[in-house]
Amino acid sequence: SFRGYDGKSDLHVGITNSNGVVYNYNEEGIHRAETGWEQCISIPLVQPDEFGLLQQWDKLLEEFSVGEAWLPHRYEEHDHNCYTYALAFINSVLTAQGKRQMSKSEFTEKFVIPQTKKASKYITLHQELTANDFYIVPLPDQEKQC
């Protein structure tokens, strides 16, 4: 349900492995969650044709996540948090590929903002429809119309 989100609160960030387990960081350290992320915004980071990276992804994510930088006592709400964890992992992958790292603002503008804008539009539409007693009826399948 979208009723609990006001569009102003901070969101929690994580990175999935190839099996959909979400690695995330908070004041208690690294977590590996198989559930609890059902209502999330998914931002694809790896292109489907990057087979080599896809095959190494899980190993790279696990090795990165056990680093000392992500111990619970290092967590700081504004400077060393779930977002810095995700961005640091992405930058470690870029470095391993010989590519230039991204700044926080560059990553936010290129990847996060486009997806959150889409989600915001959907949430607003959903809230308006439910507030005004509308409901959505799925269209019949194309096959049934023929």
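Computed over heavy atoms, backbone and side chain alike; hydrogens, waters and symmetry mates excluded.
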### Task
Return the minimal non-hydrogen interatomic distance between Asn91 and Met102, and the atom names on each side.
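Nearest pair, atom of Asn91 first, then Met102: OD1-N, 2.7 Å.
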### Task
Looking only at non-hydrogen atoms, find the nearest pair between Pro72 and Glu27 and report the distance.
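Scanning both residues completely, I find the closest heavy atoms to be CB-O, 3.4 Å.
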### Message
Under 3.5 Å, is there a donor on one side chain and an acceptor on the other for Tyr23 and Glu62?
### Response
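Side-chain D/A pair, Tyr23 to Glu62: present.
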### Task
Check the side chains of Thr84 and Tyr25 for a donor-acceptor pair under 3.5 angstrom, ignoring hydrogens and angles.
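No, no side-chain donor-acceptor contact under 3.5 Å.
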If you measure from [atom1] on [X] to [atom2] on [Y], what distance do you get to the nearest 0.5 Å?
{"X": "Ser92", "Y": "Gln97", "atom1": "OG", "atom2": "CD", "answer": "10.0 Å"}
{"X": "Thr116", "Y": "Lys121", "atom1": "OG1", "atom2": "NZ", "answer": "11.0 Å"}
{"X": "Asn19", "Y": "Arg32", "atom1": "CG", "atom2": "CZ", "answer": "13.5 Å"}
{"X": "Gln115", "Y": "Cys40", "atom1": "CD", "atom2": "SG", "answer": "11.0 Å"}
{"X": "Leu94", "Y": "Ile90", "atom1": "CG", "atom2": "CD1", "answer": "7.5 Å"}

### Query
With a cut-off of 6.0 Å (strictly less than), are more than 12 heavy atoms of other residues, nucleotides or ligands near NE2 of His73?
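Result for NE2/His73: enclosed.
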### Message
For the CD atom on Glu109, are there more than 12 heavy atoms of other groups (residues, nucleotides or ligands in this structure) within a distance under 6.0 Å?
### Response
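Atom CD in Glu109 is not crowded, with 12 or fewer foreign heavy atoms closer than 6.0 Å.
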Going hydrophobic residue to hydrophobic residue with side-chain gaps under 4.5 angstrom, can you get from [X] over to [Y]?
{"X": "Ile43", "Y": "Val93", "result": "yes"}
{"X": "Val46", "Y": "Val21", "result": "yes"}
{"X": "Ile41", "Y": "Val112", "result": "yes"}
{"X": "Ile15", "Y": "Trp37", "result": "no"}

### Query
Per the ring-ring contact (aromatic ring centres under 6.0 Å, His included) rule, which among Trp70, Tyr75, Tyr85 passes with His80?
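The single option meeting the ring-ring contact (aromatic ring centres under 6.0 Å, His included) with His80 is Trp70.
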### Query
Does His31 have any side chain to side chain donor-acceptor pair (under 3.5 Å) partners at least two apart in sequence or in another chain, and if so, which?
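Side chain to side chain donor-acceptor pair (under 3.5 Å) list for His31, sorted by chain: Asn26.
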Keeping the roles fixed (side chain from [X], backbone from [Y]), state whether a donor-acceptor pair exists under 3.5 Å.
{"X": "Asp58", "Y": "Ser18", "answer": "yes"}
{"X": "Asn81", "Y": "Tyr83", "answer": "yes"}
{"X": "Glu38", "Y": "Gly36", "answer": "yes"}

### Query
Between Ile113 and Lys117, is a side chain to side chain contact (heavy atoms under 4.5 Å, CB included) present by the stated rule, with each step listed?
CA-CA 6 Å; Ile113 290 175; Lys117 279 185 178 179; 3.7 Å; yes
### Identified side-chain contact (heavy atoms from CB on, under 4.5 Å) partner of Trp57 from the options Leu60, Leu54, Leu53
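The side-chain contact (heavy atoms from CB on, under 4.5 Å) with Trp57 is passed solely by Leu53 among Leu60, Leu54, Leu53.
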### Query
What do the steps show when you test Asn24 against Val13 for side chain to side chain contact (heavy atoms under 4.5 Å, CB included), and what is the final call?
CA-CA 7 Å; Asn24 59 98; Val13 176; over 6 Å; no
### Message
Please evaluate residues Phe64 and Ile30 with respect to the criterion side chain to side chain contact (heavy atoms under 4.5 Å, CB included), reporting the C-alpha separation (whole Å), side-chain torsions for both, the decisive distance (0.1 Å), and the verdict.
### Response
CA-CA 10 Å; Phe64 178 82; Ile30 294 293; over 6 Å; no
